[in-house]
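Have a look at the structure below, then the notes.
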Amino acid sequence: MATIENLFRSLEQLNAFGVALSQERDINALLEKILHAAKGITGADGGTLYRVVDGDRLQFEMVLNDSLGIALGGTTGNAISFYPVKLYGEGGAPNTSMVAAYAALTGNTVNIPDAYTAQGFDFSGTRNFDKKTGYRSTSFLTVPMRDHENDIIGVLQLLNRLDPVTGRVTEFSDADQRMAESLASQAAIALTNLENLLKRLEQLNAVGVALSQERDINALLEKILHAAKGITGADGGTLYRLIEGERLQFEIVLNDSLGIALGGTTGNPISFYPIKLYGEGGAPNTSMVAAYAALTGNTVNIPDAYTAQGFDFSGTRNFDKKTGYRSTSFLTIPMRDHENEIIGVLQLLNRLDPVTGRVIEFSDADQRMTESLASQAAIALTNRNLIVQLEQLFESFINMINTAIDEKSPYTGGHCQRVPTLTMMLAEAVSATREGPLADFTMTDRDRYELKIAGLLHDCGKVTTPVHVVDKSTKLETIYDRIHLLDTRFEVLKRDAEIACLKGEIDEAERALRLARYDDDRAFLRRTNIGGEFMREEDIARVRAIAAYRWRAVDGTESNFLSDDEVKNLTVRAGTLTAEEREIINYHIVATIKMLEALPWPRHLKNVPEYAGGHHERMDGKGYPKGLKRDQMSIQARVMGIADIFEALTARDRPYKKGKTLTESLEILGKFKLNGHIDPDLFDVFIREKVYLKYAEEFMNPEQIDEVDLAKIPGVGA
């Protein structure tokens, strides 16, 4: 009777331990529970738990001995210093002399009443241990641990069964052996399940990290479906996006067995019509499983679509009929974002058994893992969409500023759009360079976006530049073109000449001479007012001579024909701006830097002020506003400097000059290389990779694109 009671008690313990093992989520705690459970059921004084590692050795995971007070491994925090037990010796011979290795290699349980009299096994290490400690290792029960696939994943070894009445060491009984074998099997399955769970959780975490880092929407959608397939072992799957709250749009379709990969980054379009969430009259479309999940927010786990009730799988059957496929198990999960809104549906098809390859149903664990993934994916997708929308809004706002700047002047319109384009052209060429001093320069997508934004904002300070300066198309222009005042004055001079002739103060010949001279002078000043790239000294002298003419204003006072300010403007040697006005224009870069440095840039855009603020610096330190030298500037800022100059040289919308040809522009740029104005290495890439030609074909007039003889361009090859 006592024996039967003991047996039932042991079975109750075994069941309780089985439940406890299945609920444990910490590997070290699980290992400890396994060994404690085995000791408790069998009454062993000590024991060891080994794990098979890489199929060739047994690693000590837990060592316990009550009599000696030994507790190593597990959650104890005490390290195990014993070397692993090798399963194979030199030459690959099985190590069957060690009892734990034997059990792992053969899968047989070994029950030894007394290690000191046992034959066929090497217990020399045990005897040495006993000699050092004064212990007597006697009875051993060594049990292989088999998982649900019958693979041996470890060994459970128990030492010195103690008689519960006398406390003497006895051998392990057959009942002890069967109980220990049962526990070892439960433990192996629990351990394998936990390891698989932890592995899937690691996968899930890794996927979460990967999803949060992905910037491309199509790549993100693809990663989501691949991750779901990988975690569950599904053969196929579909990812739908909820559009306008009324239909599910196919985004990605994958099927490994059929070799189908549509949508995402594949470049293969999806021809399937979206799934409507509502029918005619507004009735919910709950017959389609994906629509049902989107409408109700419930996960649907179907073991076999051909026997499932309540859903319409006629389309699935037609697909199977055409392809010879058998769509069986389905797992359909709504994707909820951080606000609990459903933004899509993740549907997996045909879970494959990892051993047999047969189609099986999706387990509860599969469902929970995929629901967690779907939640992460929805949040990542929502975040990515929000970021994209914010980036689009940000860029639109920048473009609005640039449009306002370009609209200030019809003569610089498009500059704020063309410079960023040329900047990116040159930067990409430099990034692709694999030789020379710039070979190490590379750009990530984030680097590209940062430089693009800097290019778009490089002249944002021009919003502070007065309109009458930025829009000064002629030398005498302020709010209006003062050349018309000179027209009036010339008419006054001509009237005075007519009056003088009528009064007899001058003769007819002198009158005609004066009128001709005034007309010629007026035409000269009109030409001079237009501005140009170089004003001759004799023209400057002529302006000053005209300025000395005397004329009488409406109030009767006489004064010089041209005021000092008019002389200063008309004698501007190049362009239309005076030195003071040029300083006002140049101040835009100071304003740009101030404006950009005042903004709270995120980390991936923190270099925008430096990139945008350096495009008027020179490599020799003679630029502005900071007088930086080449080694004080980033490559990106130097790239923008070249782009800004080349755009200005080739621009066809300046009032005082027409756009230069490619040859003329490259000659000036080459001289800039030689005199320390621009970066020589970047100039070399600009020429070698024909960036100038790519830009010209997109933005320059055909008559500007002449045949360039690079041998005649200064600085080429120098």
Salt bridge flag under 4.0 Å for residues Lys494 and Glu491: yes

Glu597 side chain to Pro609 backbone, donor-acceptor under 3.5 Å: no

Any donor-acceptor N/O pair, Asn268 side chain to Ala261 backbone, under 3.5 Å: yes

CZ (Arg552) with more than 12 external heavy atoms under 6.0 Å: no

Aromatic plane relationship, Tyr449 with His604 - under 30° parallel, 30 to 60° tilted, over 60° perpendicular: parallel

Under 3.5 Å donor-acceptor, Thr403 side chain and Asn399 backbone: yes

Glu647 (side chain) donor-acceptor with Leu422 (main chain) under 3.5 angstrom: no

Salt bridge flag under 4.0 Å for residues Asp496 and Arg550: no

Which atom of Ile589 lies closest to which atom of Ala612, heavy atoms considered: CD1-O, 3.7 Å

Gln704 side chain to Lys660 backbone, donor-acceptor under 3.5 Å: yes

Exercise: identify the closest heavy-atom pair between Asn675 and Arg618: O-NH2, 3.5 Å

Minimal non-hydrogen separation, Leu262 against Thr266, with atom names: C-OG1, 3.7 Å

Short side-chain to backbone donor-acceptor contact, Asp706 and Thr663, under 3.5 Å: yes

Salt bridge flag under 4.0 Å for residues Arg448 and Asp445: yes

Asp565 backbone acceptor or donor facing Asn569 side chain under 3.5 Å: yes

Backbone of Phe683 reached by a side-chain donor or acceptor of Lys673 within 3.5 Å: no

Gly267 versus Pro269, closest heavy-atom pair with distance: O-CD, 3.5 Å

Shortest non-hydrogen contact between Ala294 and Ile342, atoms and distance: O-CD1, 3.2 Å

Verdict with supporting geometry, Thr444 and Asp447, side chain to side chain donor-acceptor pair (under 3.5 Å): CA-CA 5 Å; Thr444 64; Asp447 296 332; 3.1 Å; yes

Closest non-hydrogen atom pair between Ile270 and Gly263, with its separation: CG1-N, 3.8 Å

Whether His677 and Phe672 hold their rings parallel, tilted or perpendicular, with breakpoints at 30° and 60°: parallel

Sidechain N-carboxylate O distance under 4.0 Å for Asp681, Arg638: no

Carboxylate-amine/guanidinium contact Lys452 Glu391, below 4.0 Å: no

Flag, side chain of Glu610 to backbone of Asn607, donor-acceptor distance under 3.5 Å: no

Electrostatic pair Glu698:Arg418 at N-O distance under 4.0 angstrom: no

Test item: Asn560 side-chain N/O and Leu562 main-chain N/O as donor-acceptor pair under 3.5 Å: no

Parallel, tilted or perpendicular, as decided by the 30° and 60° cut-offs, for the rings of Tyr518 and Tyr549: perpendicular

Atom CG of Asp520: over 12 foreign heavy atoms under 6.0 Å: yes

